[in-house]
There are 2 protein chains.
Amino acid sequence: MNDVMFKTPVQEIRLSDTADRMFIKRDDLMGFSFGGNKVRIAWEFFQDMKEKGCDCLVAYGSSRSNMCRALSNLCSRYGIPCYVLTPREDLVEEGTFNSWMVKWFGAHIRFCHKSNVAEGVDKLMAELKSKGYRPYYIFGDRYGKGNEKAAARAYCQAYRELLEYEEDHELHFDRIFLASGTGMTQGGLMAGQRQYGGHARITGISVARPSCRGKSEVARFAEVDPEDVDFEDGYVCGGYGLYDGDIESVIRMMMERFGIPLDPTYTGKAFSGMLKYLKARPHEPENILFIHTGGTPLYFDYLNAVWDRKQAAKEITNNRCTGQ
Amino acid sequence: MNDVMFKTPVQEIRLSDTADRMFIKRDDLMGFSFGGNKVRIAWEFFQDMKEKGCDCLVAYGSSRSNMCRALSNLCSRYGIPCYVLTPREDLVEEGTFNSWMVKWFGAHIRFCHKSNVAEGVDKLMAELKSKGYRPYYIFGDRYGKGNEKAAARAYCQAYRELLEYEEDHELHFDRIFLASGTGMTQGGLMAGQRQYGGHARITGISVARPSCRGKSEVARFAEVDPEDVDFEDGYVCGGYGLYDGDIESVIRMMMERFGIPLDPTYTGKAFSGMLKYLKARPHEPENILFIHTGGTPLYFDYLNAVWDRKQAAKEITNNRCTGQ
């Protein structure tokens, strides 16, 4: 993998209803597997796996997971067996582009219950060892701890790219916003800021978790006190994967006005949340950076869903009684 | 629109069964509307429209058209009314991501018959004039002639990017391959070569047209003799939009091994054709450049189709008689 894959552009966009300058780091434009933060992070896990002398990768995630897509694509590229442990509860949402590609890349899907992931990990690891593999579980131990450093490295490096951009363009970002889910991306950025300097306030817009959990997860990757983590849970819109008309309007506006795809689960929810967050806090004009953490397949899932909905609405209309 | 949108990376990939060095110009990674050659070309039409003092854009194309998507997205971005004249015969294939987005961007769809496009153009232009618009038809006159220079400018400029890459990396491309349909992209590249120099052989792999027609169309944009156009029609696979197992294998291989999406209508057909073309002509190792002309929405259309096919196959299996 060469640097073409990772160095992504920063783009300024002009939003009409704000005096802030708005920039977007286009990590969705990475050249491998539709890019996104999970390609950067998957790459670091992959290097860690090789350094530890392992020869088989075990991931955990739902069928909507960008991480599982990125990891299984890296595995198909380098001929490494890939196993994905999936919560059985997520089976209902199997029909997504990510889940479809994960299978296409030859990943083996195994199921477990959300309430007992540790046991599922143990069982799968033991099975793979008995087959002669040296398996690598991306999150570390059975409880998903231990690989924080590998995960954080990805956005620690990306943070350096941002500093370079600031230097090249002689400007400073006052705030950095991003969709915050597992905490790996925000944690990495905060680790990068500690290591390389800078003063931008890094705010994660939660896509699902409440603040207490979110802060502690980000802190784990950033190696900071949870109280130092800026994690906003006011825009989760009911939970993971759920969205409303405001989020849909933002998705539509960003595509119509800038040709930039956002999805309702991560980037669209976060971008919409960021706009509300800024509006609710009157401030002097600032330089704002939003990190587009990718997930192009989710944009097309969304179009499929809207399409189905329209089709369904049309069928309902067609079937409507016209009498009376 | 800033230069972030247009400057795209060149990536080297290693294919196992060839001694050639293989490079890909990733025009699919442009930051606007999923990029691709049609974003470059649409941008040039858009500039031409403004230079001519027009205030309303008329496009022509099928629902699968990347051009119509790119143009209608530019129009939604800049608040320009957009009309798309669509051959009525293509209505059957309306359910594509491009057709869906064209509507989303607020474009007005009008229909005509393929056998009588000129009349359809006249009628629509007259209607728009009567409404007080100064409409701009992207292809020029009612017969689709006159705007060759605007179209060619896009890849004339892209050709310069290739020369810069060669200079920066101290290498020369011996051959340039691309999917050739309307002839605008290949024509532009050839015009660029005439203007800026270089010796790479530019070969268009036809996605539909026979050589005689293809050569003359490319020649129109390149302003050269049709005999000087290298246009291969040996890999059209039955016609526009049709594909076979070889093309599907290449699409799958490119995604699995390099995380690069190709589609069956344009880039996948052309890449597959290029590999066959090179294999059929024993040669000393060369530096080969393939221009990825984009069409990411078509990749997801393809996944939808495969998915439907799998679903259909499953239903057939489920419904199979088990008796006898």
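By convention in this document, chain letters (A, B, ...) are assigned in the order of the sequence lines, proteins followed by strands, and residues within each chain are numbered from 1.
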K.L.:
Which heavy atom of B:Thr96 sits nearest a heavy atom of A:Trp307, and at what distance?
P.N.:
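For B:Thr96 and A:Trp307, the tightest heavy-atom pair comes out as N-CH2, 3.2 Å.
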K.L.:
Going by residue number, which parts of residues 288-298 of chain A are within reach of chain B, meaning a heavy-atom gap below 4.5 Å?
P.N.:
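If one takes a 4.5 Å heavy-atom cut-off, the residues of residues 288-298 of chain A near chain B are A:Thr296, A:Pro297.
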K.L.:
Side chains of B:Val306 and A:Trp104, heavy atoms from C-beta outward: is any pair under 4.5 Å?
P.N.:
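Not in contact.
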K.L.:
Name all residues meeting the ring-ring contact (aromatic ring centres under 6.0 Å, His included) criterion together with A:Phe300; count only those two or more places apart in sequence or in a different chain, and write none if there are none.
P.N.:
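With sequence neighbours excluded, A:Phe300 shows a ring-ring contact (aromatic ring centres under 6.0 Å, His included) to B:Phe34, B:Phe97, B:Phe300, given in chain and number order.
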K.L.:
Of the non-hydrogen atoms in A:Leu303 and B:Met101, which two are nearest, and what is the gap between them?
P.N.:
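Closest approach of A:Leu303 to B:Met101, heavy atoms only: CD1-CG, 3.9 Å.
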K.L.:
As an exercise: rank B:Ser72, B:Gly79, B:Ser76, B:Pro261 by heavy-atom pairs under 4.5 Å with chain A and give me the winner.
P.N.:
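Looking at each of B:Ser72, B:Gly79, B:Ser76, B:Pro261 in turn, B:Ser76 comes out on top.
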K.L.:
Is there a donor-acceptor pair closer than 3.5 Å between any side-chain N or O of A:Arg77 and the backbone N or O of B:Gly259?
P.N.:
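Absent.
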K.L.:
Of all residues at least two apart in sequence or in a different chain, which pass the side chain to side chain contact (heavy atoms under 4.5 Å, CB included) check with B:His169?
P.N.:
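Side chain to side chain contact (heavy atoms under 4.5 Å, CB included) list for B:His169, sorted by chain: B:Tyr165, B:Leu171.
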K.L.:
Restricting to pairs with a member in residues 255-266 of chain B, which pass salt bridge (charged side-chain N to carboxylate O under 4.0 Å, His left out), not counting sequence neighbours?
P.N.:
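Non-adjacent pairs meeting salt bridge (charged side-chain N to carboxylate O under 4.0 Å, His left out): B:Arg252-B:Glu256.
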K.L.:
Any heavy-atom pair between the side chains of B:Met255 and A:Ser33 that's under 4.5 Å?
P.N.:
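Contact flag for A:Ser33/B:Met255 side chains = yes.
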K.L.:
Non-hydrogen atoms of chain B under 4.5 Å away: do they reach the side chain of A:Asn304, the backbone, both or neither?
P.N.:
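Interface part for A:Asn304: both.
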